[in-house]
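Counting starts at 1 for both ligands and their atoms, following the listed order. Heavy atoms only: backbone and side chains are in, while hydrogens, waters and symmetry mates are out.
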Amino acid sequence: MTNDKRMSLAVFTSGGDAQGMNAAVRAVVRTAVNRNANIYAIYEGYEGMVQGGEYIRPMTWSSVGGILQQGGTQIGTARSPEFRTRDGRRRAAKNLLELGIDRLVVIGGDGSLTGANIFRQEWPELVQELLEQGEIDENTAVSHPQLMLVGLVGSIDNDMFGTDMTIGADSALHRIIEAVDAIASTAASHQRSFVIEVMGRNCGYLALMSGVATGANWVFLPENPPPTDNWREEMCERLRTGRKIGRRQNIVIVAEGARDRHGEPITGEDIRQILSEELGEDTRVTILGHVQRGGSPSAFDRNLGTMLGYAATHKLLDTTPEEEPQLVGIKQNKITYSDLMTCVRQTQQVADEIAAHNYGEAMRLRGRSFVEMNDILDTLVRAHRGQRPLGQRKLRLGIMHAGGPAPGMNTAVRVATRLCLDHGHNLYAINNGVKGLMRNNVTKLHWMSVSSWVMLAGAELGTARYVPQTTAEYDQIAATLQSRKLDGLLIIGGGDGYELAYQMHQRRDQHPAFQLPIVCLPASINNNLPGSEYSIGADTALNTIVSYVDKIKQSAVATQRCFIVE
Ligand code: F6P
């Protein structure tokens, strides 16, 4: 029994591991140390809590050094049948009380968070029982009448209410995208079809987002099964059309829990058979499995884990026994606190709706951005243009870059092209940025002009760091717009693009050609553009930096040298 009057808290990871859990543990430990609290790590999740002893270890600032860049969870996770029993939980309570711990940071999925809440509800009875049986003394029982909890969601599935992103989902998406890009090149070489199964039993986040990010040709999600029983024919027709217009690879992504509208599972093998038989295609299946949970966390997950771990520790140290347990998450890039059990219940409701075949409701519960992303995917998987709505004029739109190249610019051009064509309009590429705009260097974009652009770095249309200064230069720009009869302009780029748009707008009285709608899409690795929290390219640049710094650190640690990275 400890006489230490400082608060004592413990952190543990539970359920499936996820990249970024280490960042969260590190932040919890260091924030607690900074607040002069006693901080323990419980190794092997609930199992370690039940076993006690060396499984519950005091942590110091340096205990969590060098773990930020590691995958998985350094403090382990395990399934614990014993913790599911009341006796197991009683032993766990005793182990915590012996160290004066009555505050927990739980990092896990909905199952782990539910387990923690049951434990919290039982805690007063468990304390009483331990006292009656002489396993703890009166003072301990009186000092720790309640268990206080804060939950962080560590799961690659991104399936939890109360946070826009779960710790690990972004890294898993990176793993999937790397794998699909690699598969796409071999698929294209042989003109083969590949079916790739990704994780997600009740949540299609990874399938949906990787489908968009890799330019997949068909995607199956648990929440949104194909709308009709004709899905086999429709999928084959779509893929056949793609081949006819020159696509060399077919990529189908299927979530682990995909099903049809009747709830019958759709597996990678089912799809392989259909494609082989109906299309006569050489089709292969790749199940990505636990590769998705492996490897070093992305910059986003390291930062998410760090931010949430920091916020959770402050929350836990400031909470009172009366307050309901909170889930610490992010919504629209801000840290948020939500009632933990409400979030768990809402999460479980999605699984219930899927099981009851209420797919519309399951999609609604997933939220607006999930539904929007699904609509974008629906457009992008078409192999050719759709129909212009009746009565709408066919528009001639221009697209160009400005400023330095940023990763993701090509993806944006691809989406813009397909969306324009899908709505029956024409899109013209202005090559080499503003220089092409002055020199009338313009080409028409077709559906297949942007095929495979999702995975291309740089800027295929070309770009330039230049903002025209003179009247003569603006005369040239006006001449291009007039000769091409453009009805609107999309500028994807950095501050130079904003400046160009502004200058054209200012000069619209002298140049009627500038009286057209201009839209700027922020693209800059610096992430410093107004009007958006993220600019295209910033996340990729950050990941590049982080992966190089990881390597430099290895050398720095080995040689005890100091490196300055610019
Ligand atoms: O919840 C995370 C997750 O990776 C799911 O996507 C997947 O269905 C499941 O865990 C796999 O669990 P296990 O690692 O126990 O096989």
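A salt bridge between Glu372 and Arg368 is present, with a side-chain N of the basic residue lying under 4.0 Å from a carboxylate O of the acidic one. Under the 4.0 Å criterion applied to side-chain N and carboxylate O atoms, Arg89 and Glu125 are not assigned as salt-bridge partners. For the pair Arg90 and Asp87, the salt-bridge criterion is met [side-chain N within less than 4.0 Å of a carboxylate O]. Using a cut-off of 4.0 Å between Lys/Arg side-chain N and Asp/Glu carboxylate O, Asp164 and Lys331 are scored as not salt-bridged.
Aromatic ring pairs are classed by plane angle as parallel below 30°, tilted from 30° to 60° and perpendicular above 60°; the pair Tyr310 and His314 is perpendicular.
Here the protein heavy atom with the shortest distance to atom 7 (C) of ligand 1 is Glu256 OE1, 3.6 Å. Here the heavy atom of the protein found nearest to atom 3 (C) of ligand 1 is Arg293 NH1, 3.5 Å. At the top of the distance list for atom 1 (O) of ligand 1, counting protein heavy atoms only, stands Asp157 OD2, 2.9 Å. Annotation: atom 9 (C) of ligand 1 to nearest protein heavy atom, Arg201 NH2, 3.5 Å. For atom 13 (P) of ligand 1, the nearest protein heavy atom (residue, atom name, distance) is His290 NE2, 3.6 Å.
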| message | Does Arg293 form a salt bridge (charged side-chain N to carboxylate O under 4.0 Å, His left out) with Asp17? I'd like the steps, not just the answer. | response | CA-CA 7 Å; Arg293 293 220 308 247; Asp17 62 300; 3.1 Å; yes
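Of all atoms in ligand 1, listed by their number and element, those nearer than 4.0 Å to a heavy atom of Ile156 are 4 (O).
Remark: distances from the non-hydrogen atoms of Arg79 to ligand 1 include one below 4.0 Å. Contact analysis leaves Gly109 out of contact with ligand 1, as no non-hydrogen atom separation drops below 4.0 angstrom.
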